[in-house]
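Just so it is clear, the values below take in all heavy atoms, side chains as well, and ignore hydrogens, waters and symmetry mates. Note that the numbering runs from 1 along the sequence shown for the chain. What you are looking at is a predicted structure, and each value in this text was computed from that prediction instead of being measured. First listed ligand is number 1; within each ligand, the first listed atom is number 1.
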Amino acid sequence: MRVLGIETSCDETGVAIYETGRGLLGHRLHSQIDLHAAYGGVVPELASRDHIRRLPLLLRETLEVTGLTMGDIDAVAYTAGPGLAGALLVGASVAESLGVALDVPVLPVHHLEGHLLSPLLSATPPSFPFVALLVSGGHTQLMRVAGVGDYTLLGETVDDAAGEAFDKTAKLIGLGYPGGPALAKLAQQGKPGRFKLPRPMLHSKDFDFSFSGLKTAVLTAASAPDFVPEDRADLAAEFQAAVVEVLVAKSMAALKHTGLKQLVVAGGVGANLALRAQLDAAAAKRKARVFYPELELCTDNGAMIAFAGALRFAAGETVEPAAGRFAVRPR
Ligand code: KG4
Ligand code: ZN
């Protein structure tokens, strides 16, 4: 089965075609970073309009790189949420319209399920069951994944998501959008420990997280009268160290709790190199392995949506006829 995947939940337009038994045939991605940079964050209406402009082009390019035509598509999967309502509606409208035009089934996919399953697309994939650490701009969760659609939530953030904390903290210390990667880059030039930030909920004995206090602690440190711009790298390094320490400790606790030896890391923050290095080291100590999506599939993309859709179809999921169903769920 050849599944066309469409992702438009936030500021990335993604299109991909995945074929069951063959793998990812091709994908195309457009990032709207330049469009939103001047505003310091994603402007929802601009995002929606840009998805409208880009989708037809990316669709055509994806067909070109795969050597396929529209008639070769057996099904369409699209991100139905969570995300920006207007942006989601663009992907949903295009997907549902294609479903009607091509007379193929159309499947709404949960964005996080896409992220969750994306490491299975790599050359050395994990096998079920595994523990998944989902760290994106909107979510921070630890899950036990027993199979496609079989997810048990172990714990999650009680306030800000890890990526959100990176983004907000970056903004606080004057770094541009997107803040996460910029903060991570600055942290590489600094030393943790000179500033002392809390490790929220490190000893809470559950799998929950809290990151909003960290942001406030950064603000307090950066507002001190003797704080100079040269201090920012050390503060960024300490912030990153605090987030990473908590994520690593809770992930290891989740492995211990479930008795599993495989940890899958998904979502944009999974691109963070300090997080990767420390997860790898901690897992090695427990004779466990960490699996990451290919770097280009860490952030939002259409490939993970096509793939999640293909797995769901393969698991026997059926869908209602497409006409008139726009199942977006922003939250
Ligand atoms: O999964 P994603 O592309 O979008 C969703 O939120 O669904 O994740 C984006 C998040 C942003 O908050 C971004 O700042 C963060 O991932 N991020 C990073 C890094 N790269 C992206 N955070 C820390 N270090 C990075 N290298
Ligand atoms: Zn995402």
Side-chain angles (χ1 to χ4, degrees), residues 5-14 16 29-33 36-37 40-42 44 47 78-84 87-88 91 109-119 132-141 156-157 160-173 175-190 209 211-212 214-215 218 236-248 264-279 292-305 307-308 329-331:
I6 296 178
E7 157 67 39
T8 62
S9 66
C10 190
D11 58 348
E12 250 117 24
T13 320
L29 191 63
H30 175 78
S31 166
Q32 302 179 352
I33 283 180
H36 301 291
V42 178
Y78 68 95
T79 302
L84 302 169
L88 289 167
V109 169
H110 195 290
H111 180 76
L112 293 184
E113 182 171 35
H115 276 305
L116 197 67
L117 300 174
S118 59
L133 172 68
L134 258 178
V135 271
S136 71
H139 294 263
T140 301
Q141 301 183 328
E156 61 185 334
T157 182
D160 289 354
E164 187 180 4
F166 263 91
D167 294 337
K168 287 180 174 172
T169 301
K171 209 166 183 175
L172 277 179
I173 60 172
L175 300 175
Y177 157 90
L183 189 72
K185 204 169 161 204
L186 183 64
Q188 284 181 338
Q189 297 155 29
F209 305 88
F211 293 112
S212 74
L214 212 43
K215 174 189 68 198
V218 167
E238 173 68 4
F239 168 83
Q240 178 171 272
V243 174
V244 166
E245 187 176 336
V246 180
L247 290 175
V248 171
V264 156
V265 181
V269 184
N272 187 280
L273 296 177
L275 177 64
R276 287 184 172 217
Q278 289 181 43
L279 278 175
Y292 306 93
E294 305 289 337
L295 213 50
E296 60 168 354
L297 300 185
C298 258
T299 51
D300 294 347
N301 62 83
M304 66 183 192
I305 302 304
F307 180 57
R329 278 176 237 99
R331 295 191 68 82

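- Distances below 4.0 Å separate heavy atoms of A184 from the following atoms of ligand 1: 24 (N), 26 (N).
- Put simply, no part of Q240 is less than 4.0 Å from ligand 1, judged by heavy atoms.
- When G268, C298, A187, A271 are checked for heavy-atom proximity to atom 18 (C) of ligand 1, G268 turns out nearest.
- With a heavy-atom cut-off of 4.0 Å, H139 does not touch ligand 1 at all.
- Within ligand 1, counting atoms from 1 as listed, the ones closer than 4.0 Å to a heavy atom of T299 are 3 (O).
- A donor-acceptor pair under 3.5 Å is absent between the side-chain atoms of S9 and the main chain of L88, judged by distance alone.
- Between the side chain of R331 and the backbone N or O of P82 there is no donor-acceptor pair closer than 3.5 Å.
- Taking the six-membered ring where the residue is Trp, F211 and F209 present parallel rings, their angle staying beneath 30° rather than reaching 60°.
- Shortest distance from the Zn ion (ligand 2) to D300 is reached at OD1 (N/O/S atoms only).
- Below 3.5 Å of separation, one finds an N or O of H111 facing an N or O of ligand 1.
- Considering all non-hydrogen atoms of both residues, G40 and K171 come closest at O-NZ, 3.4 Å.
- For ligand 1, the polar-atom distance check against D300 finds a nitrogen or oxygen pair separated by under 3.5 Å.
- When hydrogens are left out, the protein atom nearest atom 9 (C) of ligand 1 is G137 N, 3.8 Å; that is the closest non-hydrogen contact.
- The shell of residues lying under 4.0 angstrom from ligand 1, judged by heavy atoms, excludes P178.
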Where do Q141 and L112 land on the side-chain contact (heavy atoms from CB on, under 4.5 Å) test, with the steps shown first?
CA-CA 10 Å; Q141 301 183 328; L112 293 184; 4.0 Å; yes
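- Taking every heavy atom of both residues into account, C10 and A47 meet most closely at O-CB, 3.7 Å.
- At a heavy-atom cutoff of 4.0 Å, ligand 1 is contacted by the side chain of D167 but not by its backbone.
- Taking the centre of each ring, F166 and F239 come in below the 6.0 Å mark.
- For ligand 1, the polar-atom distance check against G163 finds a nitrogen or oxygen pair separated by under 3.5 Å.
- Of all heavy-atom pairs spanning A274 and Q240, the tightest one is CB-NE2, 3.3 Å.
- Minimum heavy-atom separation, M304 to S118: CB-CB, 4.0 Å.
- For the Zn ion (ligand 2), the nearest N, O or S atom contributed by H115 is named NE2.
- When only interatomic distances are considered, the shortest N/O to N/O separation between G179 and ligand 1 does not fall below 3.5 Å.
- At a cut-off of 2.8 Å, C10 is not counted among the residues with an N, O or S atom near the Zn ion (ligand 2).
- Per-residue contacts place G138 under 4.0 angstrom from the following atoms of ligand 1 (heavy atoms of the residue considered): 6 (O).
- Not one N/O/S atom of H139, from backbone or side chain, sits under 2.8 Å from the Zn ion (ligand 2).
- Counting atoms of ligand 1 from 1 in the listed order, those under 4.0 Å from a heavy atom of H115 are 1 (O), 7 (O).
- The two residues A162 and T140 come nearest to each other via the heavy atoms N-OG1, 2.7 Å.
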Take L29 and E296 through the side-chain contact (heavy atoms from CB on, under 4.5 Å) test and state the conclusion after the steps.
CA-CA 10 Å; L29 191 63; E296 60 168 354; over 6 Å; no
Go through the steps to decide whether Y177 and V42 satisfy the test side-chain contact (heavy atoms from CB on, under 4.5 Å), and finish with yes or no.
CA-CA 9 Å; Y177 157 90; V42 178; 3.5 Å; yes
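- With hydrogens left out, the protein atom closest to atom 24 (N) of ligand 1 is N272 ND2, 2.9 Å, a heavy atom.
- For the ligand labelled ligand 1, residue C10 lies outside the 4.0 Å heavy-atom shell.
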